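This chain uses plain numbering: 1 for the first residue, then up along the sequence. All values derive from a computational prediction rather than experimental measurement.
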Amino acid sequence: MLPNTGKLAGCTLFITGASRGIGKAIALKAAKDGANIVIAAKTAEPHPTLPGTIYTAAEEIEAAGGKALPCIVNVREEQQIISAVEKAVKTFGGIDILVNNASAISLTGTLETATKKVNLMMDVNVRGTYLTSKACLPHLRKSKNPHILNLSPPMNLNPMWFKNHCAYTISKYGMSMCVLGMAEEFRGEVAVNALWPKTAIHTAAMDMLGGAGIEKQCRKTDILADAAYCILTKPKTFTGNFIIDEVLLREEGVKDFDVYAIAPGNPLMPDFFLDAEIDTTAVKQERYGAAQEEKKLSGSQQEGADGAKVKTESAAAEPSGPVAETFRVIRGVVTEEYVRSTQGVFQFELSGDGGGTWHIDLKTKNGSAGFGKPPVAADVVMSMSSADFVKMFTGKLKPTLAFMSGKLRIKGNMALAIKLEKLLSQLNSKL
């Protein structure tokens with residue numbers, strides 16, 4: 001853990017989305033120095049599923065040693081931003097630091113992303129960041145050491161990070177473009193930087209995306225709070241940087257990263273937009289796999305009428321091999337309780353040996369699983385290689401990691417896709 005130095009004592013931080021998660025963690029770290037925190041967030045009344053409000057966050061900030069100003073701010077509403085900025089200046093005499101943390105996420109493909117979700121991500125992530133920066137900048141310019149910090153990634157143009165959630169990627173890179181542009185525009189006056197985690201961070205959002213047990217593959221919000229503190233205490237000449245939390249903290253002399261882990265010793269899930277060796281391998285394998293499939297297809301087309309006959313016969317009979325064996329075990333564990341609690345139909349499009357179309361029906365009667373299309377329309381379609389499918393169902397590849405590294409493509413109901421993880425945890429002991 002990075003110790004506090006007292007450098008933010010008396011400084012005023014305007015933090016969007018500070019009622020919970022990463023925003024609140026950054027606020028609490030600064031509060032220990034005796035900073036003033038403007039909590040600019042939406043949640044005024046307790047949320048049915050999400051923890052905290054701007055008022056509970058204010059109590060925690062005051063208890064940590066800071067002063068808090070809770071403001072109801074939906075960053076989609078420009079007037080709410082302007083009013084909160086005016087209130088902050090009136091209360092604390094100015095603004096020294098802006099943290100653009102508020103963010104919306106939908107990990108869906110182009111055809112599956114509803115227009116209102118597209119609008120939400122563009123409004124909160126890009127427009128909200130831009131307008132909050134615009135409203136704070138006149139006051140930041142009057143500060144001795146002003147900073148803007150956006151929680152956004154380095155702009156990695158690898159198509160892998162666009163293909164599964166194009167709208168989300170555009171919106172997060174829009175936040176990063178604000179860093180790129182404003183750092184240059186206000187060079188010498190205001191520092192503007194981006195911060196992004198190397199691994200998944202355990203927040204309420206991650207629980208919703210990853211399902212039960214995901215926290216074991218995550219780090220605590222503390223690592224981002226420490227990294228943010230480190231950036232915000234640097235001189236304003238430190239600007240235009242796209243910083244990865246662990247990289248910066250290692251440079252600052254932090255050696256023990258187990259303190260940041262939810263479950264020390266457990267493998268950590270890499271975050272979006274960062275290419276790891278495993279990811280580039282996955283891209284190469286996928287392209288190689290596609291080429292092999294094309295070769296197989298062209299070979300079968302040359303077989304003529306006999307070949308077609310063989311193909312028809314093999315389509316009727318379930319193929320043999322690891323995929324078929326996995327589905328045989330799945331059939332054995334599907335119960336009425338699973339069907340009742342899941343209410344979803346999953347279709348798998350698998351490439352490679354033992355591939356083709358497979359299904360798990362956890363909606364109709366007693367449920368079913370096997371080769372071919374499901375008896376009713378699928379709620380979720382998952383595409384991946386046969387080898388990765390077997391790894392996923394035997395616990396050697398986490399579905400969230402498969403999705404984030406581009407090995408698994410999901411179309412349809414994401415919530416149901418997450419529910420499938422519960423079935424996987426039951427299967428792992430049997431496969």
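Checked by atom type and distance alone, the side chain of Q347 never pairs as donor or acceptor with a backbone atom of K373 at under 3.5 Å. Here the side chain of T199 pairs no donor or acceptor atom with the backbone of D271 at under 3.5 angstrom. Between the N150 side chain and the A194 main chain, no donor and acceptor come within less than 3.5 Å of each other. Side-chain atoms of H359 come within 3.5 Å of backbone N or O of G370 as a donor-acceptor pair. Although no hydrogens or angles enter the test, the distance criterion places no donor-acceptor pair under 3.5 Å between the side chain of S19 and the main chain of G52. The closest donor-acceptor contact from the side chain of Y229 to the backbone of T5 lies under 3.5 Å. Although no hydrogens or angles enter the test, the distance criterion places a donor-acceptor pair under 3.5 Å between the side chain of T394 and the main chain of K391. A donor-acceptor pair under 3.5 Å is formed between the side chain of K172 and the backbone N or O of L151. At least one donor-acceptor pair closer than 3.5 Å links the side chain of R20 to the backbone N or O of P51. Side chain of D226 to backbone of L2: a donor-acceptor contact under 3.5 angstrom is found.
Here the straight-line distance linking atom NZ of K411 with atom CG of D379 works out to 15.5 Å at 0.5 Å rounding. One finds the OG1 atom of T326 at 8.0 Å from the CZ atom of F393 (value rounded to the nearest 0.5 Å). Atom OG1 of T342 and atom NZ of K363 lie 11.5 Å apart (nearest 0.5 Å). Rounding to the nearest 0.5 angstrom, the gap separating the CG atom in N4 from the CG atom in D33 is 4.5 Å. Rounding to the nearest 0.5 Å gives a distance of 8.0 Å between CG of N164 and CD1 of I410. In this structure, CD on E78 lies 6.5 Å from CZ on R127, to the nearest 0.5 angstrom.
The two residues I72 and A44 make their nearest non-hydrogen contact at CD1-CB, 3.8 Å.
Note: F273 and W196 have tilted aromatic rings, judged against thresholds of 30 and 60 degrees for the angle between ring planes. Between Y168 and H165, the angle of the ring planes goes over 60°, which puts this pair in the perpendicular group of the 30/60° scheme.
For E189, the salt bridge (Lys or Arg N to Asp or Glu O under 4.0 Å) partners are R141, not counting sequence neighbours. Under the salt bridge (Lys or Arg N to Asp or Glu O under 4.0 Å) criterion, R76 pairs with D123, not counting sequence neighbours. Under the rule for a salt bridge (Lys or Arg N to Asp or Glu O under 4.0 Å), the partners of K24 that lie at least two apart in sequence or sit in another chain are E60.
T49 and H47 share a donor-acceptor pair across their side chains, judged by distance under 3.5 Å alone. In this model, a donor atom of one side chain and an acceptor atom of the other lie less than 3.5 Å apart for S103 and N125.
Of the candidates F348, W358, F371, V323 forms a side-chain contact (heavy atoms from CB on, under 4.5 Å) with just one, namely W358. The side-chain contact (heavy atoms from CB on, under 4.5 Å) test with V247 singles out one residue from I243, D245, I244, L249, and that residue is I244.
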Name the atoms and distances for all side-chain donor-acceptor pairs under 3.5 Å in residues 235-242, with sequence neighbours left out.
{"residue": "T239", "atom": "OG1", "partner": "V192", "partner atom": "N", "Å": "2.9"}
{"residue": "T239", "atom": "OG1", "partner": "V192", "partner atom": "O", "Å": "3.4"}
{"residue": "N241", "atom": "ND2", "partner": "N193", "partner atom": "OD1", "Å": "3.0"}
{"residue": "N241", "atom": "ND2", "partner": "T239", "partner atom": "O", "Å": "3.3"}

Please tabulate, for the side chains in residues 131-140, all donor-acceptor contacts under 3.5 angstrom to protein atoms that are two or more places apart in sequence or on a different chain.
{"residue": "T132", "atom": "OG1", "partner": "G128", "partner atom": "O", "Å": "2.6"}
{"residue": "S133", "atom": "OG", "partner": "N100", "partner atom": "ND2", "Å": "3.1"}
{"residue": "S133", "atom": "OG", "partner": "T129", "partner atom": "O", "Å": "2.7"}

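In this structure, the side chains of R409 and E349 stay at 4.5 Å or more apart for every pair of heavy atoms. Annotation: side chain of R340 is in contact with side chain of E337 (closest heavy-atom distance under 4.5 Å).
If you look at F162 and Y173, their ring centroids are closer than 6.0 Å.
In this structure, E112 does not pair ionically with K117, as no charged nitrogen and carboxylate oxygen lie closer than 4.0 Å.
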Derivation and outcome, side chain to side chain contact (heavy atoms under 4.5 Å, CB included), residues Q217 and L268:
CA-CA 4 Å; Q217 301 169 62; L268 294 163; 5.7 Å; no
Quick one: do T203 and I22 satisfy side chain to side chain contact (heavy atoms under 4.5 Å, CB included)? Show the steps, please.
CA-CA 7 Å; T203 60; I22 294 162; 4.1 Å; yes
List the steps and the verdict of ring pair (Phe, Tyr, Trp, His ring centres under 6.0 Å) for F14 and F92.
CA-CA 11 Å; F14 191 102; F92 298 124; over 10 Å; no
Check the pair V38, I95 against side chain to side chain contact (heavy atoms under 4.5 Å, CB included), reporting the backbone distance first and the verdict last.
CA-CA 9 Å; V38 184; I95 296 171; 5.8 Å; no
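Applying the side-chain hydrogen bond (donor to acceptor under 3.5 Å, both in side chains) test to residues at least two apart or on different chains, the pairs with a partner in residues 174-185 are S152-S176, E184-R187.
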